[in-house]
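Everything below concerns the one structure shown next.
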Amino acid sequence: MRLVIGKPLGFCFGVKRAIDKLEAALKDYGKVYALGSPIHNEEEVKRLISLGLELVEEVEELPESSVVFIRAHGTTPEILEKAREKGCTIIDGTCPSVKNAQEKARLLSQEGYEVIVVGDPKHPEVQSIKGCTSGRASVVSSSRDIAGFPSRDKIGVVSQTTQEEGTLLSVVSVLLRKARELRAYNTICKATLHRQETVRKLAAETEGIIVIGGRNSTNTAKLVEVGKREGSDVLWITKPDEIDKSWLENKHIIGIAAGASTPDWLINDVINSLSSR
Ligand code: SF4
């Protein structure tokens, strides 16, 4: 069996930067709280908990004057303010690309545009972007969602950073007919696009692709979707013991891809496990 390792693979610069900051804070303070899961990878979260990380869901659960980590997806200005009021030390791991989408949404809102965020309304990053418009932005996940959207003078668009470019383009083209003035920012992150391109190449070169990443990772789910759309036989695993023997049967060339939130140590574990078969 030959393995074709996709490149780029695993942690993007935003996740790496955030996890480096979190690890440094754990070393300095011993105990650090995270609002929600710091990364969409269950195995990496377990490792960070073993180093002193504690997860809380709501800002109200943070102890006074504690150290709180803001994940790469960012958070809303309202939550940041509440944490500051509690005297918390804030370790801001918000990815610069997410900050850019937040700033663009804030700017559009301040300039009187009806803001539309193209993304998953439940995703924390989308909620953080929406929060920068004081909650006024509408979130749509496809052009179907704006079929009944009323016409406006000024419409502004930003995107979830992990969105597929085709979805953003189709939303913008429908909105062109609904606004006298349309301003759209392409806030899709190149790291995501590059990983999707890698999967397209692997689909053409291999007999099947193993995608490694958390079940709650949107960008990993997108890689699986892209691979399947390209006609590849895709196996999505979160760790080595999920490699299905029957899936491997009769496959001689296998591609390896991983989401932007999958750590190197986990990718290496999968590669070592496959190499030893
Ligand atoms: S995928 Fe892009 S936007 Fe998201 S954390 Fe990574 S670098 Fe930042």
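Order of appearance sets the numbers: ligands from 1, and atoms from 1 within every ligand.
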Q) Taking atom types as modelled and ignoring hydrogens, do the side chains of Trp265 and Glu44 form a donor-acceptor contact shorter than 3.5 angstrom? A) yes
Q: Identify, by atom number and element, the atoms of ligand 1 in contact range of Cys95, meaning under 4.0 Å from any of its heavy atoms.
A: 3 (S), 5 (S), 7 (S), 8 (Fe)
Q) Looking only at protein heavy atoms, which one is nearest to atom 6 (Fe) of ligand 1, and how far off is it? A) Cys12 SG, 2.2 Å
(Q) Need the ligand 1 atom indices (1-based, order shown) with element for anything under 4.0 Å from a heavy-atom of Phe13. (A) 7 (S)
Q. Relative to the heavy atoms of Thr192, which atoms of ligand 1 are at a distance of less than 4.0 Å?
A. 1 (S)
Q. Looking at Ser97, which atoms of ligand 1 are within less than 4.0 Å of one of its heavy atoms?
A. 3 (S)
(Q) Under a 4.0 Å threshold between the charged nitrogen and the carboxylate oxygen, would Glu114 count as salt-bridged to Lys178? (A) no
Q) Checking only N/O/S atoms, does Cys189 have one that is under 2.8 Å from atom 6 (Fe) of ligand 1? A) no
Q: Please identify each residue that fulfils salt bridge (charged side-chain N to carboxylate O under 4.0 Å, His left out) with Lys82, with sequence neighbours left out.
A: Glu60
Q | Heavy-atom proximity to atom 3 (S) of ligand 1, best of Thr94, Thr187, Asn219, Thr161 | A | Thr161
Q | Atom pair CD/CG of Gln127 and Asp120 - distance to nearest 0.5 Å | A | 8.5 Å
Q) Between Thr238 and Glu42, does any side-chain donor sit less than 3.5 Å from a side-chain acceptor? A) no
Q | Lys/Arg N to Asp/Glu carboxylate O, Lys27 vs Glu23, below 4.0 Å | A | no
